[in-house]
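Encoded as structure tokens, the structure appears first; notes follow it.
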Amino acid sequence: MRPRKRKKAVRQTMLMAGIVVAALALLLVLTLSKVLVVRDIMVVGNRNLLGEEVITQSGVQIGDHLLGRSVTHMKESLEKNRYIEYDGYDFDYKGRLTIRINERLGMGVVSVLGIYYVIDGQGVVLECAGSSYPTNAAGPKVTGLTLEDNAWIVVGERLPVRDTNQLEQMNLILQALEETNMLARTSQLDVARFDDLYVMTSESAKIELGESSGLKTKLLIAREVITAREASGDLRGAKIDVSSGQRAHYIPPTLPTPTPVPTATPTIGPSATPG
């Protein structure tokens, strides 16, 4: 074959190959454009928020494309609501978009300069309740937090503490209280000292936790003591030391006064007469 004819054949082959590749690419785009269409939307992770509320907040609608702006900017849209923490999404071959969120719940209250704020377990400020204690708060008043000097408390942002470990300790205890069904009956949580953590119950009993290890076990032990003692009515002012993580040491509000034991009066015998 002459060189000119050979070059022509090569060009024709390359042209055909280009046409085939372009056709396949177009077919792929058309296929994906149909496959990646949102046909159904569901929400997981919500507790108090309705699924419809979350979907509306996301900005995604049936018929949107998975690669469209509404989906790619879903995190930004969702987290405009301070009660929503975006956790990602899933998309299956049926066109169902599953939006995963963590719903922030008011689990504690802090007081700063006489103003009360409702916070979630991680210290994010959810509400400003003003000068009146929020009666609908689900968790305890948190004390012992050291805030940064001249810091502003901003709704929707985390508390500006000097030591973030305090928020971590608080979160661990709040989670353990919730898991042991003790959150609603806890009136105070103190995190001033990491080796002397404690909570106060609604019966005004102090549960001494010590360090943050084994919190769930400690609280379960304390709960059993409270259940056993609440009928006797002597929990107010009592202490329940579960810092060992193995047993409880119950200290009643008033220790019994020891009853004096009568003793015989010593008799002094006659002194001996020298002989």
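Quantities reported herein were computed from a predicted structural model and do not represent experimental measurements. Residue numbers count from 1 along this sequence. Reckoned from all heavy atoms, side chains included, excluding hydrogens, waters and symmetry mates.
Partners of Ser204 under the side-chain hydrogen bond (donor to acceptor under 3.5 Å, both in side chains) rule, at least two apart in sequence or in another chain, are Arg236. Residues satisfying the side-chain hydrogen bond (donor to acceptor under 3.5 Å, both in side chains) criterion with Asp92, sequence neighbours excluded, are absent altogether. Residues passing the side chain to side chain contact (heavy atoms under 4.5 Å, CB included) test with Leu113, sequence neighbours excluded: none. Residues satisfying the side chain to side chain contact (heavy atoms under 4.5 Å, CB included) test with Asn181, not counting sequence neighbours, are Arg223. With sequence neighbours excluded, no residue forms a side-chain hydrogen bond (donor to acceptor under 3.5 Å, both in side chains) with Glu224. For Ser131, there are no side chain to side chain contact (heavy atoms under 4.5 Å, CB included) partners, not counting sequence neighbours. Listed by chain and residue number, nothing satisfies the side-chain hydrogen bond (donor to acceptor under 3.5 Å, both in side chains) test with Gln57 (two or more places apart in sequence, or in another chain). Residues that satisfy the side chain to side chain contact (heavy atoms under 4.5 Å, CB included) test with Asp40, not counting sequence neighbours, are Arg96.
The side-chain heavy atoms of Met170 and Leu189, taken from C-beta on, include a pair separated by under 4.5 Å. Side-chain contact between Pro140 and Val199 is absent, with no heavy atoms from C-beta onward closer than 4.5 Å. Between Asn165 and Phe194, some side-chain heavy-atom pair lies under the 4.5 Å cut-off. The side-chain heavy atoms of Ile119 and Leu126, taken from C-beta on, include no pair separated by under 4.5 Å. Put simply, the side chain of Lys141 reaches to within 4.5 Å of the side chain of Ser111, judged on heavy atoms. A heavy-atom distance below 4.5 Å is not found between the side chains of Phe91 and Thr98. For the pair Val71/Val60, a side-chain contact is recorded, criterion being any heavy-atom separation below 4.5 Å from C-beta on. Looking only at side-chain heavy atoms (C-beta outward), Val225 and Thr227 stay at 4.5 Å or farther from each other.
Asp234 and Tyr250 make their closest contact through O-OH, 2.8 Å (heavy atoms, listed as atom of the first residue, atom of the second, distance). Taking both residues in full, the closest heavy atoms of Ile240 and Ala248 are given as CG2-CB, 4.1 Å, listed atom of the first, atom of the second, then distance. Nearest heavy-atom pair, Tyr117 versus Cys128, reported as atom, atom and distance to 0.1 Å: CE2-SG, 3.7 Å. Minimum interatomic distance between Pro160 and Ile153 (heavy atoms only, all atoms of both residues): CD-CD1, 3.8 Å. Pro134 and Val109 make their closest contact through CG-CG2, 3.8 Å (heavy atoms, listed as atom of the first residue, atom of the second, distance). Nearest heavy atom pair, residue Leu174 against residue Gly121, reads CD1-CA, 3.9 Å.
Taking CG from Leu215 and CG from Leu220, the interatomic distance works out to 11.0 Å, rounded to the nearest 0.5 Å. Leu172 contributes atom CG, which lies 12.5 Å from atom CD of Glu211 (distance to the nearest 0.5 angstrom). Atom NZ in Lys218 sits 8.0 Å away from atom OG in Ser244 (nearest 0.5 Å). In this structure, Leu67 CG and Thr72 OG1 are separated by 8.0 Å, a value rounded to the nearest 0.5 Å. Here Asp241 contributes atom CG and Ile207 contributes atom CD1; the two are 11.0 Å apart, rounded to the nearest 0.5 Å. To the nearest 0.5 Å, atoms CD (Glu168) and CD1 (Ile173) are separated by 12.0 Å.
There is a path of hydrophobic side-chain contacts, each under 4.5 Å, that joins Val38 to Leu78. Met74 and Leu49 fall within a single hydrophobic cluster, where Ile, Leu, Val, Met, Phe, Trp and Tyr side chains are chained together by heavy-atom contacts under 4.5 Å. Side-chain heavy atoms closer than 4.5 Å link hydrophobic residues (I, L, V, M, F, W, Y) into clusters, and following such links, possibly through other members, connects Val191 to Val110. Val155 and Leu147 fall within the same hydrophobic cluster, defined by Ile, Leu, Val, Met, Phe, Trp and Tyr side-chain heavy atoms under 4.5 Å apart, directly or through other members. The cluster map of Ile, Leu, Val, Met, Phe, Trp and Tyr, joined by side-chain heavy atoms under 4.5 Å apart, puts Ile62 and Leu66 in the same cluster.
Sorted by first and then second residue, the salt bridge (charged side-chain N to carboxylate O under 4.0 Å, His left out) pairs with a member in residues 46-64 read Arg47-Glu178; sequence neighbours excluded. Contacts classified as side chain to side chain donor-acceptor pair (under 3.5 Å) and involving residues 78-87 (residues at least two apart or in different chains) are given here: Lys75-Glu79, Arg82-Glu127, Tyr83-Glu127. Residues in residues 147-156 take part in these side chain to side chain donor-acceptor pair (under 3.5 Å) pairs, two or more places apart or across chains: Asp149-Arg162.
Side-chain contact annotation: Ser243 with Glu208, donor-acceptor N/O pair under 3.5 Å absent.
Of the possible polar contacts, one joining the Arg158 side chain to the Gln122 backbone as a donor-acceptor pair under 3.5 Å is found. Of the possible donor and acceptor atoms, none in the side chain of Glu103 sits under 3.5 Å from a partner among the backbone N and O of Gly45. A donor-acceptor distance shorter than 3.5 angstrom exists from the side chain of Ser187 to the backbone of Met200, with no hydrogens or angles considered. Between the Thr186 side chain and the Gln188 main chain, no donor and acceptor come within less than 3.5 Å of each other. No donor-acceptor distance shorter than 3.5 angstrom exists from the side chain of Gln166 to the backbone of Val161, with no hydrogens or angles considered.
Summarising the hydrophobic clusters (Ile, Leu, Val, Met, Phe, Trp, Tyr; side-chain heavy atoms under 4.5 Å, direct or chained), the residues clustered with Val118 are none.
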CA sep, side-chain torsions, deciding dist, call: Glu203, Arg185, side-chain contact (heavy atoms from CB on, under 4.5 Å): CA-CA 8 Å; Glu203 300 91 353; Arg185 71 187 306 171; 2.4 Å; yes
From CA spacing to verdict: side-chain contact (heavy atoms from CB on, under 4.5 Å), Ile226, Met182: CA-CA 11 Å; Ile226 292 172; Met182 289 281 287; 4.0 Å; yes
Worked verdict on Asp190 versus Leu197 for side-chain contact (heavy atoms from CB on, under 4.5 Å): CA-CA 6 Å; Asp190 189 88; Leu197 302 166; over 6 Å; no
Check against side-chain contact (heavy atoms from CB on, under 4.5 Å), Ile55 and Val43: CA-CA 7 Å; Ile55 293 171; Val43 177; 3.7 Å; yes
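Residue Leu159 is tested with Val124, Leu145, Val142 for a side-chain contact (heavy atoms from CB on, under 4.5 Å); the sole match is Leu145.
In this structure, Lys239 places its NZ atom where only 12 or fewer heavy-atom neighbours from other residues, nucleotides or ligands lie under 6.0 Å away.
By the 6.0 Å and 45° rule, Arg100 does not stack over the aromatic ring of Tyr89.
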